[in-house]
Amino acid sequence: MKVTFRIFRFNPETDEKPYYKDYEVNADPKDRVVDVLHYIKNEIDGTLTFRRSCLHGICGSDGMRINGKNMLACSILLQDLGYTDRDKTYKKPIVVEPLPGMPIIKDLVTDFTDFWKKYEAVKPYLITKTPPPERERLQSPEDVELIMEASKCILCACCTTSCPSTWSNDNYLGPAALLKAYRFIFDSRDEATDERLDIIDTPDGVWRCHTIFHCVQACPKEINITWHISQLKKKLVEREI
Amino acid sequence: MKVAKTGEGYFKLVASYKKETGGWAWIIHRISGLALTAYIYVHIYALSTLTKGKEAFDAEMALFQKPLFKVLEWLLFAFVLAHTLNGIRIVLVDFGKGSFYHKKAFAYLMIIGIIAFLVMGYFIFSHEIHQAFAGLL
């Protein structure tokens, strides 16, 4: 099967402006996007740069924008991109771009500095004030269930960079950081709930979430992020009352 | 936390990102919200003729009975409907369990909106409709 890949290219050392380059490759519908990117890098154009580590949807390195939507290149098959016609060929090129709204280092590699700063801002670690018990701090199965979905986040930044609120405001914490805030605020072992709520109770915190659902749509781990953010909003309103 | 962004601008990103129900609902909400805010100013300005006496106000009201203004009023009602019904959806998402059924909620609310829009159309244009079908009845 012949398929054209239209890839975003930008080398800050030589290029003035980013441009798109077409690569025609022979691929199988069951190939992942990252397999084709590897093929292009190894066989056609060695200068193509992209991040990837585990290739199994766990490390979250290869988040990119494929056909207009953020996803992991290692978790999407060509046949699932929905551009096949009856003869099982791809008429339109498959467009691969870096995560939107991020500073670009080279080609598909973006600068995550800001993303990590926002992640650190919500204090993504357990804070306790009482002395530790003799053994571990126990949780009931119900307590675990409450934060189970939020703990599945792999920090690929697909959600944060898909959010129009992030595009318009550089200071917005973003879905990934807010999800992490939820994970600790609703953790029965954590003892800094008030401090955490103060961090997210700002115009750049939960209140900039306009329930656009781009994050839910983009999440490769299928976490309903908007649900978690709405739980935070409810908790803040309850605290005021 | 300021960063220099290469890449596309805000509106280009909004336009090019692949949108599903939530994205479209948000855009509809923004546009209708801006339109309604603009309408409030027009509305206050139109009412200001009240200060110029009864005749001036009656003359203006007669102008608003013209078909063009009836169509505009009908469109205004469409914006009000879109904004109100989607507002209900947003409240359900933020304070209910709407995140699990927001797509269905949007579809059902918009169906209600279209029905209400058509019913309102009948009321606004009832005079014209009766005239048009007068010969048949």
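Naming: A, B, ... by sequence-line order, numbering from 1 per chain.
Taking every heavy atom of both residues into account, Pro164(A) and Trp26(B) meet most closely at CB-CH2, 3.6 Å. Looking at every heavy atom in both residues, Val93(B) comes nearest to Ser230(A) through O-CB, 3.3 Å. Here the shortest heavy-atom pairing between Tyr17(B) and Ala218(A) reads OH-CB, 3.9 Å.
For the atom pair CD (Glu97(A)) and OG (Ser16(B)), the distance works out to 6.5 Å, reported to the nearest 0.5 Å. Annotation: the span from Leu13(B) atom CG to Thr166(A) atom OG1 amounts to 10.5 Å, rounded to 0.5 Å.
In the displayed structure, Tyr19(A) atom OH is contacted under 6.0 Å by more than 12 heavy atoms of other residues, nucleotides or ligands. Heavy-atom contacts from other residues, nucleotides or ligands closer than 6.0 Å to NZ of Lys234(A) number more than 12. The environment of CZ in Phe64(B) is crowded: more than 12 heavy-atom neighbours from other residues, nucleotides or ligands sit within 6.0 Å. Within a 6.0 Å radius of NZ in Lys152(A), other residues, nucleotides and ligands contribute more than 12 heavy atoms. Applying the 6.0 Å contact sphere to CH2 of Trp24(B) captures no more than 12 heavy atoms from other residues, nucleotides or ligands. The number of heavy-atom neighbours closer than 6.0 Å to CE of Met61(B), taken from other residues, nucleotides and ligands shown, is above 12.
Residue His29(B) does not touch chain A at all, counting heavy-atom pairs closer than 4.5 Å. Only the side chain of Val237(A) has a heavy atom closer than 4.5 Å to any heavy atom of chain B. In this structure, chain B has heavy atoms under 4.5 Å from both the backbone and the side chain of Ser162(A). At a 4.5 Å heavy-atom cutoff, Lys103(B) makes no contact with chain A through either its backbone or its side chain.
Under the ring pair (Phe, Tyr, Trp, His ring centres under 6.0 Å) criterion, Tyr101(B) pairs with no residue, sequence neighbours left out.
Residues Val216(A) and His102(B) fail the side-chain proximity criterion, which asks for heavy atoms closer than 4.5 Å. His214(A) is not listed as a side-chain neighbour of Glu20(B), based on a closest heavy-atom distance of 4.5 Å or more.
At least one donor-acceptor pair under 3.5 Å links the side chain of Asn224(A) to the backbone N or O of Ser99(B).
The greatest number of non-hydrogen atom pairs below 4.5 Å with chain B, out of Thr226(A), Ile229(A), Asn70(A), is found for Asn70(A). For the options Lys18(B), Arg89(B), Lys97(B), heavy-atom pairs under 4.5 Å to chain A are most numerous at Lys18(B). The candidate with the highest count of non-hydrogen atom pairs below 4.5 Å against chain B, out of Thr113(A), Thr211(A), Thr110(A), Ile225(A), is Thr211(A).
Tyr10(B) and Trp167(A) have perpendicular rings, their planes meeting at more than 60° on a 0 to 90° scale where under 30° would count as parallel.
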